[in-house]
A.B. asks: 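Structure below; questions to follow.
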Amino acid sequence: MNLRRIVTLVVLAVVLIGLGVLVASTVNLMPEEASVQAQMVDRLFRLLMGIATVIFVAVEGALVYAVVRFRRRAGDDTDGPAVHGSTTLEAVWTAIPALIVIVIAFVSFRVLAASAVREAEPVVVEVVGRQFTWEFRYPEADVTSTELHLPVDRQVRFEITSDDVIHSLWIPEFRIKQDATPGRVAEMVITPTRLGRFPIRCAELCGAAHAAMTAEVVVESGEEFAAWLEGQRGAGLPVSPGDLGRRLFSQYGCNACHTLADAVAAGVVGPSLDGIGAAAGSFVPGLDARAYLEQSILDPEAFVVEGFPSGVMPPNFGDRLTGEELQALVDYLLSQ
Ligand code: CUA
C-alpha cells in the first residue's frame, strides 16, 4: 500500500468516526428521560447509534463508490478480473464485527447490572395487569389505585404480575418494560428523576382492547406523594354510590372498551353505555334493566349487541367482583 492510500484511509476513518460521534451526540430519538435508569439506557443507545452510523455510512459509501467507479463503460464487453478471495480481507471483516459485538455485550451487561442495583427502603408498588386495566397497590399504606403515583428521586420496587393473560408494563419515559405473567411476580427497580405525568402502556398483545390498556404515572415531590397516599387511604371509607360506581368502572377496566361520558370513558371496542340505565329494560322482553345489566356483566356472551364481536369481554367478572361491587356497578349504570 502506498502512502497516499494509507493517508486516504486514515482521513476516511477519522471522518466516519467524527460523523458517528456527531450523530450519537445530537440525534435524539427517545422520549423524555425521566429516571436514573433512562440515563444509563440512553448512554448505551447513543453508543449503538454512533457505531451503527459508522457502519452504515462505511458500507453504503463503499457500495455507492463501487457502483460508480467500477460501472461498465460504453463499449466494454470484457469480463472483469477473476478474484479468488482474500484471507486478509476476511480476517479483518470477521475481527472488526467480533470486536464490536464483544464491546457492546460488555457495555450492555454493565448497564443491565447497574440499572438493577437495589437501594435500601424503596417504595414498594405491586402491579397487577388485567384485561384491560392496570392496578397499583401500595402494600405498606394499604392503598389501591388505577393511577400510579411515585415520589421523585426515591427508588421504587415494582412487583409485577397478571390476573389473566400476559401483559407488559411499559413506561417509555423511564425506559422500562417488564412482562406481567400470571402466577409469577417479576421485580424491577426504578428511580424517577423528573416531576410530571407520563404515559403507561401495555406492551404485550393481550386482547381486543390491548391498545386501550393505558394508565398514567404521576411523579411528584415526597410531600405531595405522602399527601396523596393519605388521601387515598381515606378513599377506602364510605363514598357516594355514584363515586364508587365510577371508580369500579375504571378499576375493572370497563372504560377501556366502553364509552361512558360520566366516567370520561371513550372506548369503542364494546357498545356505548351512555343512556344505558334508561334503555337496558327494553332490550330483552321479560328482563328488567337491573337483571339485563347484571347478566351482561357476569355472562358477556348472553346478549351480544349487534355489530360488536362476541368473545371479547372477559367472562370472569363474576369471580373478580364482590357481590357489593357488582351491585354498586349495576346501580351506577342504571343511573346513567
Ligand atoms: Cu395488556 Cu396488552
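As the structure lists them, so they are numbered: ligands from 1, and atoms in each ligand from 1. The basis for the numbers below is simple: all heavy atoms, side chains too, and nothing from hydrogens, waters or symmetry mates.
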A.B. asks: Take a 6.0 Å sphere around CD of Glu121 and say whether it holds more than 12 heavy atoms from other residues, nucleotides or ligands.
C.D. replies: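 Counting other residues, nucleotides and ligands, CD of Glu121 stays at 12 neighbours or fewer.
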A.B. asks: If you look at His167, which of its N/O/S atoms is nearest to atom 1 (Cu) of ligand 1?
C.D. replies: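 Atom 1 (Cu) of ligand 1 is closest to the His167 atom ND1, counting only N, O or S.
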A.B. asks: Please report the closest heavy-atom contact between His167 and Glu204, naming both atoms and the distance.
C.D. replies: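 Shortest heavy-atom contact: C-CB, 3.7 Å.
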A.B. asks: Using the ring of each side chain (for Trp, its six-membered ring), is Trp228 parallel, tilted or perpendicular to His149, with breaks at 30° and 60°?
C.D. replies: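 If you compare the ring of Trp228 with that of His149, the planes turn out parallel.
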A.B. asks: Does the ring center of Phe303 lie less than 6.0 Å from the ring center of Phe283?
C.D. replies: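 No, too far apart.
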A.B. asks: Which angle, to the nearest 10 degrees, do you find at atom 2 (Cu) of ligand 1 between SG in Cys202 and O in Glu204?
C.D. replies: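 Between SG of Cys202 and O of Glu204, the angle at atom 2 (Cu) of ligand 1 is about 90°.
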A.B. asks: Just to the nearest 10 degrees, tell me the angle at atom 2 (Cu) of ligand 1 spanned by His210 ND1 and Cys206 SG.
C.D. replies: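 My answer is 120°, to the nearest 10°.
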A.B. asks: Would Met213 count as a contact for atom 1 (Cu) of ligand 1, in the sense that one of its N, O or S atoms lies under 2.8 Å from it?
C.D. replies: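 Yes, since at least one N, O or S atom of Met213 sits under 2.8 Å from atom 1 (Cu) of ligand 1.
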